[in-house]
Amino acid sequence: MRSDDSFFNAVYEVTLQVPFGRVTTYGAIAKAIGSPGASRTVGWALNNCHTMGIFIPAHRVVNRNGILTGKHHFRHPDLMQELLESEGIKVEDDRIVNFEKLFWDPCSNLI
DNA sequence: GGTGTGACAATGG
DNA sequence: GCCATTGCCACAC
């Protein structure tokens, strides 16, 4: 930390800016922060987010297939689906329903 | 400074 | 159309 947390911070910023009831992908976030190939590192950053002691709506972040890959990394595996359903997003078989419609591109909606 | 890993993505068979 | 492999970038040891 404190070395190049700009990358991590960028990931958190984008993730926090995901609108209510919307979801995005690791690749989209990576691209939005200027590293389209760092999709894996995005997940890494989110994993460190809880290590830092801050909360990130990672439940809105899924892989390009719309699958809740990292749900198991939450405090409770079901919490991810709970939050998504609470936002009006339907999750079936750990997958986002109407993922294409709910997909939010930070690069297009960035302020 | 090199190696391994990590919640992915894209391509090939 | 699905399974397996490689590639990306950044961080931890």
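Lettering follows sequence order; numbering is per chain, from 1.
Using a 4.5 Å heavy-atom threshold, the side chains of A/F99 and A/T25 count as touching. Contact check for A/V62 versus A/F103: no side-chain heavy atoms found under the 4.5 Å cut-off.
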What does the list of N/O pairs under 3.5 Å between the protein and nucleotides 2-6 of chain C look like, with a distance for each?
none

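Residues satisfying the salt bridge (charged side-chain N to carboxylate O under 4.0 Å, His left out) test with A/R95, not counting sequence neighbours, are A/D93. Here A/E85 pairs with nothing under the salt bridge (charged side-chain N to carboxylate O under 4.0 Å, His left out) rule; sequence neighbours left out.
In this structure a side-chain-to-backbone donor-acceptor pair under 3.5 Å is present from A/R22 to A/K101. Listed for the A/T15 side chain is no donor-acceptor partner under 3.5 Å among the backbone atoms of A/A58.
Straight-line distance from the CG atom of A/L46 to the P atom of C/dC11: 14 Å, rounded to whole Å.
Only at 4.0 angstrom or more do the heavy atoms of residues 74-94 of chain A sit from any atom of DNA chain B, so none qualifies. Interface residues of residues 58-73 of chain A facing DNA chain B, ordered by number: A/A58, A/N63, A/R64, A/T69, A/G70, A/H73; criterion, heavy-atom separation under 4.0 Å.
For C/dC9, its base never sits under 3.5 Å from the side chain of A/R40 at any donor and acceptor pair.
A 4.0 Å heavy-atom criterion places the boundary nucleotides of DNA chain B facing chain A at B/dG6 to B/dA10, written 5' to 3'.
No donor-acceptor contact under 3.5 angstrom links the side chains of A/E82 and A/H76, judged on distance only.
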